[in-house]
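Working notes, structure below.
Each chain gets a letter, A, B and so on, in the order its sequence line appears, and its residues count up from 1.
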Amino acid sequence: MLESSEFNHNLLDWYQSNKRTLPWRQTRDPYRIWLSEVMLQQTQVTTVIPYYEKFITKYPDIDSLAEADEEALLKDWEGLGYYNRIRNFHAAVKEVRDNYNSTVPERPETFFNLKGVGPYIGGAVQSIAFNHLLAAVDGNVLRVISRLDADGRDVARASVQKDIKKRIEEIIPLEAGDFNQALMELGATICTPRAPKCIMCPVQEHCEAYSRNIVSELPVKKKAKRKNEIYYNVYFILNDRNEILLRKQEGTLLQGMYELPKYDVDTSVESIEEDLQLSIDTSGRHVGSGKHVFTHQVWYMEGYVLHTRDRHPDFVPLEDVGGLPMSRAMQKIYEQFEVPAERM
DNA sequence: TAGTCGTGGTG
DNA sequence: TCACCAAGACT
């Protein structure tokens, strides 16, 4: 078990002399902290930084983001992934504008009710911006605590995460924001998933896993399920006006992003004509292949060019395609078409 | 609870 | 190459 006073002192002391705090956190501007926490979920700091800079320049405050067009936001988010994050953040920010006078709620109960605000983001924003005594439990913290306590339970379980959050809140000091960031920083730099640097750890003497020599066995996690492999034919459908057929992705995966029509490889051209309500004139040129790995799926894509003389509401001028939000998956196949087209 | 949701880095 | 993982939330 953690000896709270000595443990806290060692951890905070280490953090003060080693911290590489994200610069915008020093402002304690709750909007900036909130935006960055939304971007940081399941995403590395180095990936987030350019996106954060772009957003904070274009949308420096609650009102400017609330007023933004959703498709423009999606375009700015393009490539960052988990696109529901920006939709939820947009909705939450609009609620703050409309119901809370464009001021980020300082009451935890109010803030936690906003869209996209879960236990981590809620705790992080409320502790860093307002010094509320709440834990911010991310993957780093789960790993750190499971090792300190030699806790062999599956950290993926919500009940275990709740437990760890409660446990931290029993010892969290008044400098709650710094304490949370110190735990995360410790996990990111010392108490790493592989090859942890226990020799440099400021709280080594408090670590149950270290004293039992079982650090490498923790945390315990279930093995990931095998990914589903999907094979698509992807179609570049062109008309005689230098336009290409694009549509908005439906369903839940990549919702709202623009895509080339894609069909399971065994779908006939007749079914495609039926589905799109247009007739294909010439068909067939193969333009390339692409593979994209998602969390739970792998796409294998083959791209083909088709021509039609029909009208269709979803045709887009080729020069406008770059302005529409498109997933990396679709970009991978689209790039292979674009380059040869420019040479024609 | 367990599955879903992107993308890039790493050993 | 490949499995794992990253300042998680929603259904």
Side-chain angles (χ1 to χ4, degrees), chain A residues 15 19-22 24-25 33-52 74 77-89 91-92 112-125 127-128 134-144 154-162 164-165 168 177-189 191-196 216 219-229 249 251-257 259 290-299 325-332:
Chain A
Y15 180 61
K19 70 175 164 188
R20 38 157 209 177
T21 302
L22 299 170
W24 57 83
R25 283 194 172 150
I33 294 166
W34 184 11
L35 170 63
S36 75
E37 299 300 347
V38 172
M39 289 181 163
L40 283 164
Q41 67 163 293
Q42 299 288 280
T43 311
Q44 308 226 20
V45 172
T46 53
T47 305
V48 162
I49 286 176
Y51 285 91
Y52 175 80
L74 259 186
W77 199 269
E78 178 187 88
L80 198 52
Y82 285 143
Y83 297 97
N84 270 330
R85 289 184 292 177
I86 184 58
R87 259 192 287 273
N88 288 338
F89 186 59
F112 274 90
N113 277 328
L114 297 168
K115 263 193 188 171
V117 176
Y120 168 75
I121 291 180
V125 173
S127 68
I128 296 170
L134 295 169
V137 180
D138 72 336
N140 288 310
V141 176
L142 289 175
R143 183 171 58 255
V144 169
D154 181 356
V155 295
R157 287 172 50 202
S159 59
V160 175
Q161 297 184 8
K162 230 172 165 176
I164 289 180
K165 176 175 166 63
I168 294 170
D178 281 350
F179 187 75
N180 284 329
Q181 293 179 81
L183 280 176
M184 291 188 260
E185 187 71 8
L186 185 70
T189 61
C191 196
T192 49
R194 282 164 300 201
S216 61
V220 172
K221 276 187 185 177
K222 264 191 313 192
K223 271 190 186 164
K225 219 178 76 174
R226 203 178 124 74
K227 294 185 201 304
N228 207 5
E229 299 188 327
Q249 196 124 359
T252 52
L253 180 62
L254 301 175
Q255 187 187 43
M257 307 298 278
E259 65 165 1
K291 175 189 176 185
H292 190 76
V293 180
F294 296 91
T295 307
H296 292 287
Q297 290 183 18
V298 185
W299 285 5
M326 190 180 281
S327 68
R328 284 279 189 257
M330 202 50 69
Q331 284 176 7
K332 282 181 183 174

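Partners of A:Arg87 by salt bridge (charged side-chain N to carboxylate O under 4.0 Å, His left out), not counting sequence neighbours, listed by chain and number: A:Glu70. Partners of A:Tyr120 under the ring pair (Phe, Tyr, Trp, His ring centres under 6.0 Å) rule, at least two apart in sequence or in another chain, do not exist in this structure. Residues passing the side chain to side chain contact (heavy atoms under 4.5 Å, CB included) test with A:Glu229 are A:Arg226, A:Tyr231, A:Val298, A:Tyr300, sequence neighbours excluded. For A:Glu259, the side chain to side chain contact (heavy atoms under 4.5 Å, CB included) partners are A:Arg247, A:Gln249, A:Lys262, A:Met330, not counting sequence neighbours. Annotation: side chain to side chain contact (heavy atoms under 4.5 Å, CB included) contacts of A:Thr47 (sequence neighbours excluded): A:Thr43, A:Gln44, A:Leu80.
Contact annotation: A:Arg143 reaches the phosphate of C:dA6 (side-chain N/O to OP1 or OP2, under 4.0 Å). Neither OP1 nor OP2 of C:dA3 sits under 4.0 Å from any side-chain N or O of A:Lys227. Side-chain nitrogen and oxygen atoms of A:Gln42 include at least one within less than 4.0 Å of the OP1 or OP2 phosphate oxygen of C:dG8. Regarding contacts with the backbone of C:dA7, a side-chain N or O of A:Asn140 is found under 4.0 angstrom from either OP1 or OP2.
Distance noted for atom P between C:dA7 and B:dT4: 24 Å (whole Å). Remark: the separation of the C1' atoms in C:dC4 and B:dG6 is 15 Å, to the nearest Å.
For A:Met39 and B:dG6, the CE to C1' distance is 14 Å, given to the nearest whole Å. Straight-line distance from the OH atom of A:Tyr51 to the C1' atom of B:dG6: 10 Å, rounded to whole Å. Summarising the geometry, the separation between CG on A:Leu142 and P on C:dA9 is reported as 11 Å, rounded to the nearest angstrom. Separating the NE2 atom of A:His296 from the P atom of C:dC10 is a distance of 16 Å, rounded to the nearest angstrom.
Taking the six-membered ring for Trp and the full ring otherwise, the centers of A:Phe294 and A:Trp299 sit less than 6.0 Å from each other.
Judged by atom type and distance alone, A:Ser327 does not reach the base of B:dG6 through any side-chain donor-acceptor pair under 3.5 Å. With hydrogens and angles ignored, a donor-acceptor pair closer than 3.5 Å exists between the side chain of A:Tyr82 and the base of B:dG6.
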Give me the distances for all protein-to-nucleotides 8-11 of chain B N/O pairs that come in under 3.5 Å?
unit_1 : atom_1 : unit_2   : atom_2 : d
B:dG8  : OP1    : A:Arg328 : NE     : 2.4
B:dG8  : OP1    : A:Arg328 : NH2    : 3.4

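Between A:Leu74 and A:Met257 there is a side-chain heavy-atom pair separated by less than 4.5 Å.
Taking every side-chain heavy atom of A:Ile121 into account, C:dG8 is the closest of B:dG6, C:dG8, B:dT1. With distances taken from any side-chain atom of A:Leu40 to the nucleotides C:dA7, B:dC5, C:dC10, the minimum falls on C:dA7.
Nucleic acid contact for A:Ala158: sugar-phosphate only, since backbone atoms but no base atoms lie under 4.0 Å from a heavy atom of the residue. Nucleic acid contact class of A:Ala195 (heavy atoms, under 4.0 Å, all strands): none.
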